[in-house]
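First up is the structure itself, then whatever we jot down about it.
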Amino acid sequence: MQNVTCSVQALEEMADTLWYVRLKPEVPVDFLPGQYLLVVMAEDDKRPFSIANTMNDEGIVELHIGATPDNTYAMQVLKRMQDLGEIEVQLPAGKAHLREDAHRPVILMAGGTGFAYTRSILKQLIADDFKQPIFLYWGVRHTEHLYADQEMNAWAQEHETLTYIPVVQTGGDDWQGRTGLVHEAIMEDFVSLSDYDVYIAGRFEMAGVAREAFKEKGIEPEQLFGDAYEFI
């Protein structure tokens with residue numbers, strides 16, 4: 001992996017407790033869609049965040065960071081970015097990136113800011129003019145956490161192969177979409193997952209539950225991708 005200092009070009013609150021970060025590395029960097037970086041807080045303290053975009057001519061790296069006042073893990077990273085205007089990162093990391101030989105239909109499943117991981121993969125599939133169906137399931141606790149809902153609806157209208165399904169755990173009276181747990185929505189919608197590649201990002205607990213549930217739908221281990229599975 002490469003260690004590089006990045007200037008902080010943007011640090012904006014997208015929604016309550018959700019931040020958009022735009023970094024400019026001081027030297028060119030390489031990463032694959034779906035990989036992540038490590039923010040170097042200390043030699044023995046490196047904190048992972050999914051990269052939300054794909055490689056681009058500007059050399060920009062985008063992050064989506066969820067940070068509440070009691071979440072010191074993320075808040076300390078944001079504060080350092082605010083105070084110094086730069087941050088040291090290590091990249092690329094992660095084995096759950098988009099496979100170059102992908103040929104099966106794709107299901108992308110995100111929980112919360114795990115959406116950043118699926119967005120990176122989705123951007124690349126669209127750029128590659130991927131011909132197979134793509135399903136993006138994005139699960140959040142509250143509707144206000146669907147910070148890229150408008151963007152995803154626009155992408156789905158523009159690309160006929162893409163189906164976008166937001167799932168809100170506790171939808172209010174004004175929410176007309178799917179409710180409940182995001183992996184359960186997938187279980188309801190597919191008789192079998194044996195013909196799909198599934199990419200997952202979110203809390204480890206969610207990834208673990210989804211893995212066991214999706215086995216019941218016939219998915220093979222080599223068709224299920226998620227960096228959480230390196231640890232659970």
Side-chain angles (χ1 to χ4, degrees), residues 31-38 46-52 63-66 71 73-74 91-125 130 132-142 145-146 148 152 161-171 177-232:
F31 59 90
L32 297 171
Q35 290 193 300
Y36 62 91
L37 58 72
L38 300 165
K46 300 174 183 179
R47 306 182 186 188
F49 296 95
S50 293
I51 299 172
L63 307 177
H64 299 170
I65 298 179
N71 178 4
Y73 187 89
L91 78 169
K95 300 178 181 178
H97 53 79
L98 176 64
R99 272 27 191 189
E100 292 183 358
D101 60 349
H103 61 278
R104 286 183 284 260
V106 170
I107 298 173
L108 305 172
M109 188 186 99
T113 52
F115 168 77
Y117 164 84
T118 57
R119 183 181 186 274
S120 175
I121 292 175
L122 178 57
K123 281 180 69 71
Q124 190 63 56
L125 290 172
F130 189 68
Q132 294 282 8
I134 308 166
F135 300 87
L136 170 60
Y137 285 79
W138 185 12
V140 298
R141 290 188 178 181
H142 307 287
H145 295 157
L146 292 170
M152 289 301 102
T161 57
L162 173 60
T163 302
Y164 165 56
I165 305 98
V167 183
V168 178
Q169 190 169 341
T170 53
R178 302 285 289 272
T179 58
L181 300 178
V182 63
H183 80 279
E184 291 180 352
I186 294 174
M187 295 287 286
E188 292 169 2
D189 292 351
F190 293 87
V191 174
S192 172
L193 296 175
S194 61
D195 294 328
Y196 293 84
D197 285 339
V198 180
Y199 294 83
I200 293 178
R203 290 181 176 273
F204 282 9
E205 311 93 90
M206 180 198 76
V209 170
R211 177 171 57 185
E212 297 309 306
F214 292 170
K215 285 179 183 177
E216 300 175 12
K217 292 288 186 177
I219 199 163
E220 296 294 335
E222 63 269 19
Q223 295 165 231
L224 183 62
F225 307 98
D227 285 308
Y229 301 133
E230 293 291 310
F231 306 97
I232 62 173

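- Salt bridge annotation for Asp189-Arg178: present, with a cationic side-chain nitrogen under 4.0 angstrom from a carboxylate oxygen.
- Ring geometry, Tyr164 versus Trp138: the interplanar angle falls from 30° to 60°, so the pair is classed tilted.
- Every residue two or more places apart in sequence or in another chain that forms a salt bridge (charged side-chain N to carboxylate O under 4.0 Å, His left out) with Glu212 is listed here: Lys215.
- If you look at Phe190 and Phe135, their ring centroids are closer than 6.0 Å.
- One N or O on the side chain of Gln223 and one on the backbone of Tyr196 form a donor-acceptor pair closer than 3.5 Å.
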Under the side chain to side chain donor-acceptor pair (under 3.5 Å) criterion, do His64 and Ser50 qualify, and how do the steps go? CA-CA 8 Å; His64 299 170; Ser50 293; over 6 Å; no
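- A donor-acceptor pair under 3.5 Å is absent between the side-chain atoms of Lys217 and the main chain of Ser194, judged by distance alone.
- Remark: Leu91 CG to Leu32 CG distance equals 10.5 Å, nearest 0.5 Å.
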Using the side-chain contact (heavy atoms from CB on, under 4.5 Å) rule, take Arg211 and Leu224 through it: C-alpha gap first, then chi angles, then the decisive distance, then the call. CA-CA 8 Å; Arg211 177 171 57 185; Leu224 183 62; 3.8 Å; yes
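- A donor-acceptor distance shorter than 3.5 angstrom exists from the side chain of Arg47 to the backbone of Tyr73, with no hydrogens or angles considered.
- A distance-only check finds no donor-acceptor pair linking the side chain of Gln169 to the backbone of Gly180 [under 3.5 Å].
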Would you tabulate the side-chain donor-acceptor contacts of residues 108-120 under 3.5 Å, counting partners in other chains and residues two or more places apart, or write 'none'?
from   : atom 1 : to     : atom 2 : distance (Å)
Tyr117 : OH     : Ala96  : O      : 2.6
Thr118 : OG1    : Phe115 : O      : 2.8
Arg119 : NE     : Glu151 : OE1    : 3.2
Arg119 : NH1    : Ala52  : O      : 2.9
Arg119 : NH2    : Glu151 : OE2    : 2.8
Ser120 : OG     : Gly34  : N      : 3.2
Ser120 : OG     : Asn53  : O      : 2.9

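- For the side-chain contact (heavy atoms from CB on, under 4.5 Å) test with Phe214, the passing option among Ile107, Val209, Ile200 is Ile200; the others fail.
- In this structure Glu216 satisfies the salt bridge (charged side-chain N to carboxylate O under 4.0 Å, His left out) test with no other residue, sequence neighbours excluded.
- Note: Leu98 CG to Leu125 CG = 5.0 Å, rounded to the nearest 0.5 Å.
- With hydrogens and angles disregarded, a donor-acceptor distance shorter than 3.5 Å links the side chain of His103 to the backbone of Asp101.
- No more than 12 heavy atoms of other residues, nucleotides or ligands shown are found within 6.0 angstrom of CD on Glu100.
- Judged by distance alone, the side chain of Glu230 and the main-chain N or O of Asp227 form no donor-acceptor pair under 3.5 Å.
- A salt bridge does not link Asp195 to Arg104: none of the charged side-chain nitrogens sits closer than 4.0 Å to a carboxylate oxygen.
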